[in-house]
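Right, one structure below, let's go through it.
If you're wondering where the values come from, they're calculated on a predicted model, not measured in any experiment. Throughout, a chain's letter reflects where its sequence line sits, starting with A, and its residues are numbered from 1. Quick note: numbers below take in every heavy atom, side chains included, and nothing from hydrogens, waters or symmetry partners.
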Amino acid sequence: MTFYQHIINWYTDNKRDLPWRNTRNPYKIWLSEIMLQQTRVEQGLPYYNKFVNKFPTVHHLSAASEDLVMKMWQGLGYYSRARNLHATAKYISHELDGRFPDNYKDLKKLKGVGEYTAAAIASFSYDEPAPVVDGNVYRLLSRYFGVDLPINATEGIKYFKALAEEVMHTSDPATYNQAVMEFGARQCKPQNPDCEQCPLNSSCVALQEKKVASLPVKLKKGKIKKRYFNYLVPFNSTEIILEKRTGKDIWRDLYQFPLIETQGPANLDQIIAQERFRSIPGADPSKIWLYNQDDIVHKLSHQHIFTRFWIVNLEDELPGAVKKSRVKDYAMPVLLANFVHEFEFSN
DNA sequence: AAGCCGGGGGC
DNA sequence: GCCCCAGGCTT
């Protein structure tokens with residue numbers, strides 16, 4: 001049997017029943033693929049179901065407000081995906097009358113759709129023989145063929161794409177693409193794969209050469225940055241101040257409390273001296289207190305955020321503020337959603 | 001080519 | 001702590 005025949009046989013016996021595998025609807029395929037970028041199936045699945053229920057077609061998604069889309073995306077991360085998702089939904093609904101592009105080349109032109117996602121949609125919805133090369137496929141190919149080129153450098157990316165093209169030749173690209181990814185995710189998994197019961201074990205180069213644990217090769221990324229966030233939490237009996245994040249930093253378009261970022265841990269005197277504090281109507285330096293005794297450390301893949309919440313009690317009306325009861329309707333980073341859930345503005 | 005963009009889970 | 005995840009965009 002050939003490489004792909006082994007893979008497809010394994011898949012027939014081991015495939016998970018996932019909702020986007022029971023459809024060829026390009027809208028649902030596209031939605032699932034955007035959500036699953038750099039995201040585990042188990043994490044993305046509930047979001048997929050929620051979106052499909054709320055937005056059964058691309059027109060429904062197109063008609064939604066961006067704030068609602070962001071809110072429904074809350075917790076999934078990489079929020080530019082949600083912005084691009086919404087922009088692309090509007091484009092397809094308004095400019096293409098709801099019809100998705102039906103080939104790899106045109107799909108790849110959509111915002112948020114790169115080589116992997118274009119290949120996935122083209123094959124799953126239209127049977128176009130475009131190989132998917134995601135993290136699972138990199139791992140499987142690098143091990144099976146014993147290739148130690150880094151999978152995140154130009155040469156390796158090019159090499160593995162060509163290899164994927166060679167290996168996929170089959171009359172059923174949709175099934176094959178599903179199968180290689182499932183095989184990589186569950187059989188040829190990153191840690192402690194069970195090679196003894198792998199259908200490819202007699203011909204896997206990495207297994208013969210004892211390199212399974214060292215493949216694939218990946219270049220290391222930079223150091224993790226430390227940042228110090230001081231959130232002012234200004235509220236009166238009914239209202240609270242929220243702002244929308246702008247700029248190119250993390251969490252763009254999500255909501256937050258007024259933020260003072262400092263170079264290191266900040267104390268009360270530093271905070272009350274800040275213009276951002278003093279500009280709050282009715283802010284009283286004697287009515288501010290530190291909510292968390294220890295820093296809350298929010299860990300992202302590329303930065304650690306040391307967080308202090310400064311509670312600012314107010315008595316005056318707050319023009320432009322939001323109702324405290326509505327805070328949970330706003331899309332917020334998990335760091336803040338956790339705080340809101342815990343604090344509940346009980347006092 | 002390298003850096004940036006989240007959050008969760010495994011070990 | 002470090003690595004990975006159905007990657008893509010920006011610089």
Exercise. Are A:Ser65 and A:Asp67 close enough that a side-chain donor and a side-chain acceptor fall under 3.5 Å?
Worked result: no
Sugar-phosphate only, base, or nothing, as touched by A:Ser80 at under 4.0 Å among non-hydrogen atoms: nothing
A:Val334 has its side chain closest, among B:dG7, C:dA6, B:dC11, to B:dG7
A:Lys220 NZ to B:dA2 P, in whole Å, measures 14 Å
From CD of A:Gln38 across to P of C:dC5 the rounded distance in Å is 7 Å
Hits for salt bridge (charged side-chain N to carboxylate O under 4.0 Å, His left out) against A:Lys218, two or more places apart or cross-chain, chain-then-number order -> none
In whole angstroms, the gap separating C1' of B:dG7 from CD1 of A:Ile305 amounts to 12 Å
Would you mind classifying the nucleic acid contact of A:Glu115 as base, sugar-phosphate or nothing, using non-hydrogen atoms under 4.0 angstrom? sugar-phosphate
Rounded to whole Å, NE2 of A:His302 lies from P of C:dC2 at a distance of 16 Å
For A:Tyr116 and A:Gln37, does a side-chain donor sit closer than 3.5 Å to a side-chain acceptor? no
Less than 3.5 Å apart, any donor N or O on the side chain of A:Arg21 or A:Gln178 sitting next to an acceptor on the other? yes
| Side-chain N or O of A:Tyr79 less than 4.0 angstrom from OP1 or OP2 on B:dG7? | yes
Nearest-nucleotide check on DNA chain B, A:Asn152 vs A:Arg40; residue mapping nearer the 5' end is A:Asn152
Give A:Ile29 one of three labels, base, sugar-phosphate or nothing, depending on what nucleic acid heavy atoms sit under 4.0 Å from its own. nothing
Is there a donor-acceptor pair closer than 3.5 Å between any side-chain N or O of A:Thr88 and the backbone N or O of A:Asn84? yes
Worksheet item: A:Ser32 near the nucleic acid: base, sugar-phosphate alone, or nothing, with a heavy-atom cut-off under 4.0 Å?
Response: nothing
Tell me what A:Asp249 touches on the nucleic acid: a base, only sugar-phosphate, or nothing, going by heavy atoms under 4.0 Å.
sugar-phosphate
From the candidates B:dG10, C:dA6, B:dG6, the one with an atom nearest any side-chain atom of A:Leu300 is B:dG6
- Could you tell me whether a side-chain N or O of A:Thr262 sits under 3.5 Å from a main-chain N or O of A:Pro265, the two making a donor and an acceptor? no
Atom CD of A:Glu42 and atom C1' of B:dG6 are separated, to the nearest Å, by 16 Å
Mind checking if A:Lys221 touches a base, just sugar-phosphate, or nothing, with heavy atoms under 4.0 Å? nothing
Requested in this report: Kindly say whether A:Met35 contributes a backbone atom to a donor-acceptor pair with the side chain of A:Arg81 at under 3.5 angstrom?
Outcome: yes
A:Lys299 atom NZ is separated from C:dC2 atom P, nearest whole Å, by 10 Å
Of A:Trp20 and A:Lys248, the one whose closest nucleotide on DNA chain C sits nearer the 5' end is A:Trp20
Using a cut-off of 4.0 Å on non-hydrogen atoms, how would the nucleic acid contact of A:Gln303 be classed: base, sugar-phosphate, or nothing?
-> sugar-phosphate
Side-chain contact check for A:Thr117: nearest option of C:dA6, B:dC5, C:dG8 is C:dG8
Between OH of A:Tyr78 and P of B:dC5 the distance, given in whole Å, is 9 Å
> Checking all strands, does A:Trp73 fall into the base, sugar-phosphate, or nothing category for heavy-atom contacts under 4.0 angstrom?
Replying inline: nothing
- Under 4.0 angstrom between A:Thr39 side-chain N/O and C:dG7 OP1 or OP2: no
Practice task
Scan side-chain atoms only and decide if A:His60 and A:Thr57 contain a donor-acceptor pair under the 3.5 Å cut-off.
Solution key: yes
The correct list of stems in which DNA chain B takes part (3 or more consecutive Watson-Crick or G-U pairs, distances under 3.5 Å) is B:1-5 with C:7-11, B:7-11 with C:1-5
**OP:** Consider only side-chain N and O atoms of A:Asn22 and A:Asp17, and report whether a donor and an acceptor are under 3.5 Å apart.
**Re:** yes
Per atom distances to the A:Ile250 side chain, the nearest of B:dC5, C:dC9, B:dG8 is B:dC5
inquiry  = What contact category does A:Arg252 fall into here, base, sugar-phosphate, or nothing, at under 4.0 angstrom with non-hydrogen atoms?
reply    = nothing
Contacts of A:Gly112 and A:Val41 projected onto DNA chain C by closest heavy atom; the upstream (5') one is A:Val41
P gap between B:dG8 and C:dG8, integer Å
22 Å
C1' atoms of B:dC11 and C:dA6, separation to the nearest Å:
23 Å
B:dG6 versus C:dC4 - spacing of their C1' atoms, nearest Å: 13 Å
message = Less than 4.0 angstrom between a side-chain N/O of A:Lys225 and OP1 or OP2 of B:dC4, yes or no?
response = yes
For A:Glu115, the salt bridge (charged side-chain N to carboxylate O under 4.0 Å, His left out) test, sequence neighbours excluded, returns A:Lys161
Contact class for A:Arg83 vs. all strands (heavy atom < 4.0 Å): base, sugar-phosphate, or nothing?
nothing
Separation of C:dG1 atom P from A:Ile224 atom CD1, nearest Å, is 9 Å
- Hey, is the side chain of A:Arg139 poking within less than 4.0 Å of OP1 or OP2 on C:dC5, counting only N and O atoms? yes
Practice problem: Under 4.0 Å between any heavy atoms, over every strand shown, what does A:Leu76 touch: base, sugar-phosphate, or nothing? Just pick one. | Solution: base
